[in-house]
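Position 1 is the first residue of the sequence; numbering continues from there. All values reported here derive from a predicted model rather than from experimental measurement.
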Amino acid sequence: MEKAQHLTTLDFDLSSFTKKDLLNASLNTAFDMDLPIAIWRMPNQSEINLIISTEQAKNLEKIDLEELSEGFVCAPFKYGQTKAQFIEAHFTVSLDFDEAICNVNFESAQDSNKLNELKNKFRDFLEQKVACPPYHVNPAPVDKQKTDYKSLVTLSVETILEGQLDKVVPARSKAIELAEEFNPIDLFMGLIESYQNAFVSFISLPNIGTWIGASPETLIEKARNEFKTVALAGTQRFDADKSIGETAWTQKEIEEQAMVSRFIIDCFKKIRLREFKETGPKTVKAGNLLHLKTTYQVDTKATNFPELATIMLGLLHPTSAVAGMPKEASLDFLEANEGLDRGFFSGFLGPVNIEEKSSLFVNLRCMQLLKNKALLYAGAGVTSDSNPEKEFQETEIKFNTLLNILNSSD
């Protein structure tokens with residue numbers, strides 16, 4: 001595989017440019033050439049990665065992690081009915097500390113002329129230092145949510161008490177105006193600084209749109225012979241005056257998290273997987289929120305299950321943490337009553353097969369960027385003990401993950 005070495009590919013030095021300069025130039029390049037781009041920062045790491053493909057994102061009906069090349073996957077909530085998107089890694093930049101490394105993959109890119117054009121535009125935009133780079137906007141009109149959220153929660157509780165569901169996770173959206181000088185890279189950098197434990201991502205695809213978020217939840221992770229997934233549920237506001245060890249959880253929150261854990265174990269049972277390590281539940285901090293988290297790990301070599309990540313991806317999504325239980329009944333209820341096009345919210349996204357590792361995260365604490373405004377999305381787990389006002393306030397708290405950073409950068 002022919003790859004450019006270090007910085008010499010670009011024929012000029014990147015060391016005099018800031019991370020923001022490099023990210024701005026990358027986004028400008030992708031927008032100008034009508035190409036897809038993904039930018040991300042893994043949890044508890046400092047390195048920022050980005051990729052631009054010289055082709056449009058590939059539509060995937062089924063994601064086979066063993067077959068995909070290096071790139072970035074983003075799938076909608078209705079993955080299975082709606083196709084996932086795969087951005088192949090042709091032009092990559094890695095930013096860590098004061099070093100910037102750029103690689104160009106000529107072997108996987110079909111059009112080397114376009115790749116050279118991309119490099120040249122990237123250099124030009126770097127030198128221009130454009131302050132507010134544009135981003136791809138979904139051309140389809142976005143409908144407002146057709147259902148009052150508190151009424152939806154009330155209906156959810158009634159349906160649970162009738163015995164049709166154990167739990168359901170209705171979602172809502174919230175539209176906000178964006179400042180005229182809004183720069184998505186400023187928001188991305190603010191999320192990185194404030195939410196060290198989160199997977200912070202930015203994706204912008206022609207004809208599909210732009211999403212940005214800071215997710216606390218791993219869906220699946222595959223690194224050589226290790227597979228990992230987590231059960232994350234229960235939500236309360238973080239109190240800086242109390243230690244995390246003093247956190248008290250209600251019976252409703254404990255049971256909500258236990259449902260997610262049982263769902264994962266049931267998926268293992270379906271494929272007759274009995275050898276796994278379970279850790280938790282324990283209280284974890286994610287931005288301004290606390291959650292209950294249980295981690296499950298599998299040695300795929302010892303269990304002779306190299307394709308486990310792909311199989312579990314098909315079984316897990318959508319998890320009970322974003323849909324409900326039983327899965328099919330909760331999805332039917334949401335389809336009939338939620339009145340919201342979730343898009344990529346509560347779908348999943350992340351880098352695949354980069355340095356022999358794939359990491360996919362549930363797309364939570366996210367928003368879709370539109371022209372001059374943004375749509376934020378959040379949901380709350382409803383059980384028989386739920387209170388409509390409290391669930392509404394939980395979604396407001398989740399919105400604040402992004403709003404707090406957005407308002408501080410205005």
Side-chain angles (χ1 to χ4, degrees), residues 20 23-24 26-28 30-31 36-41 50 74-77 85 130-147 149 170-195 198-216 286-289 322 338-349 361-380 392-410:
K20 183 178 176 181
L23 295 176
N24 277 347
S26 299
L27 183 51
N28 267 297
F31 181 83
I37 181 173
I39 310 172
W40 70 94
R41 196 283 320 268
L50 75 86
C74 44
F77 174 66
Q85 302 295 311
V130 178
C132 295
Y135 48 83
H136 302 302
V137 174
N138 188 338
V142 179
D143 294 330
K144 292 183 178 179
Q145 189 163 8
K146 302 176 179 67
T147 310
Y149 191 71
R172 59 182 281 244
S173 62
K174 182 175 186 174
I176 60 166
E177 296 296 319
L178 294 173
E180 188 174 333
E181 65 280 6
F182 169 72
N183 184 340
I185 300 303
D186 285 338
L187 177 56
F188 179 84
M189 298 298 285
L191 292 171
I192 282 176
E193 185 176 340
S194 297
Y195 302 130
F199 173 72
V200 181
S201 63
F202 173 94
I203 56 170
S204 189
L205 298 88
N207 300 318
I208 291 175
T210 297
W211 291 69
I212 189 167
S215 176
N288 58 335
L289 302 175
V322 298
E338 191 173 57
L340 174 69
D341 181 359
R342 293 193 183 189
F344 286 112
F345 166 66
S346 62
F348 56 88
L349 75 177
F361 297 81
V362 183
N363 194 22
L364 304 174
R365 316 296 183 268
C366 65
M367 69 182 186
Q368 181 179 188
L369 298 180
L370 304 172
K371 188 175 182 181
N372 304 321
K373 68 176 182 177
L375 277 179
L376 294 99
Y377 298 82
F392 179 85
Q393 291 304 321
E394 180 176 318
T395 60
E396 288 289 310
I397 291 171
K398 290 175 177 176
F399 287 148
N400 286 336
T401 299
L402 293 179
L403 286 176
N404 290 341
I405 308 304
L406 187 62
N407 294 334
S408 66
S409 62
D410 284 350

Side chain to side chain contact (heavy atoms under 4.5 Å, CB included) between R172 and F399: does it pass, once the steps are laid out? CA-CA 10 Å; R172 59 182 281 244; F399 287 148; 3.2 Å; yes
List the atom of [X], the atom of [Y], and the distance in Å for their closest heavy-atom pair.
X: F345; Y: A171; answer: CE2-CB, 3.6 Å
X: S201; Y: L349; answer: OG-CD1, 3.5 Å
X: P134; Y: F31; answer: CG-CD2, 3.2 Å
X: L205; Y: P36; answer: CG-CB, 4.1 Å
X: A378; Y: T395; answer: CB-O, 3.8 Å
X: P133; Y: I185; answer: CG-CG1, 4.2 Å

Could you tell me if the side chain of [Y] sits less than 4.5 Å from the side chain of [X], heavy atoms only?
X: L364; Y: V322; answer: yes
X: R41; Y: V200; answer: yes
X: W40; Y: L50; answer: no
X: N138; Y: Q368; answer: yes
X: N400; Y: N404; answer: yes
X: L191; Y: I212; answer: yes
X: T147; Y: L340; answer: no
X: V137; Y: L369; answer: no

Rounded to the nearest 0.5 Å, what separates atom [atom1] in [X] from atom [atom2] in [Y]?
X: N28; Y: L23; atom1: CG; atom2: CG; value: 11.5 Å
X: L178; Y: N183; atom1: CG; atom2: CG; value: 11.5 Å
X: I39; Y: S26; atom1: CD1; atom2: OG; value: 6.5 Å
X: I397; Y: L289; atom1: CD1; atom2: CG; value: 6.5 Å
X: M367; Y: S173; atom1: CE; atom2: OG; value: 13.5 Å
X: N372; Y: E177; atom1: CG; atom2: CD; value: 7.5 Å

Passes side chain to side chain contact (heavy atoms under 4.5 Å, CB included), I203 versus T210? Steps please. CA-CA 6 Å; I203 56 170; T210 297; over 6 Å; no
Aromatic plane relationship, W211 with Y377 - under 30° parallel, 30 to 60° tilted, over 60° perpendicular: parallel
Provide the full list of salt bridge (Lys or Arg N to Asp or Glu O under 4.0 Å) pairs with a residue in residues 398-408, sequence neighbours left out, each pair given once.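 Salt bridge (Lys or Arg N to Asp or Glu O under 4.0 Å) check on residues 398-408 returns E394-K398.
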Should T401 and Y195 be marked as a side chain to side chain contact (heavy atoms under 4.5 Å, CB included) after you check the CA-CA gap, both sets of side-chain angles, and the distance that decides it? CA-CA 9 Å; T401 299; Y195 302 130; 3.5 Å; yes
Sequence neighbours left out, what passes ring-ring contact (aromatic ring centres under 6.0 Å, His included) with F361? Give chain and number order. F199
Salt bridge (Lys or Arg N to Asp or Glu O under 4.0 Å) partners for K174, two or more places apart: E396
Please evaluate residues N363 and F348 with respect to the criterion side chain to side chain contact (heavy atoms under 4.5 Å, CB included), reporting the C-alpha separation (whole Å), side-chain torsions for both, the decisive distance (0.1 Å), and the verdict. CA-CA 5 Å; N363 194 22; F348 56 88; 6.0 Å; no
Between R365 and S215: side-chain donor-acceptor atoms closer than 3.5 Å: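 There is no such pair (donor and acceptor under 3.5 Å, judged by atom type) between the side chains of R365 and S215.
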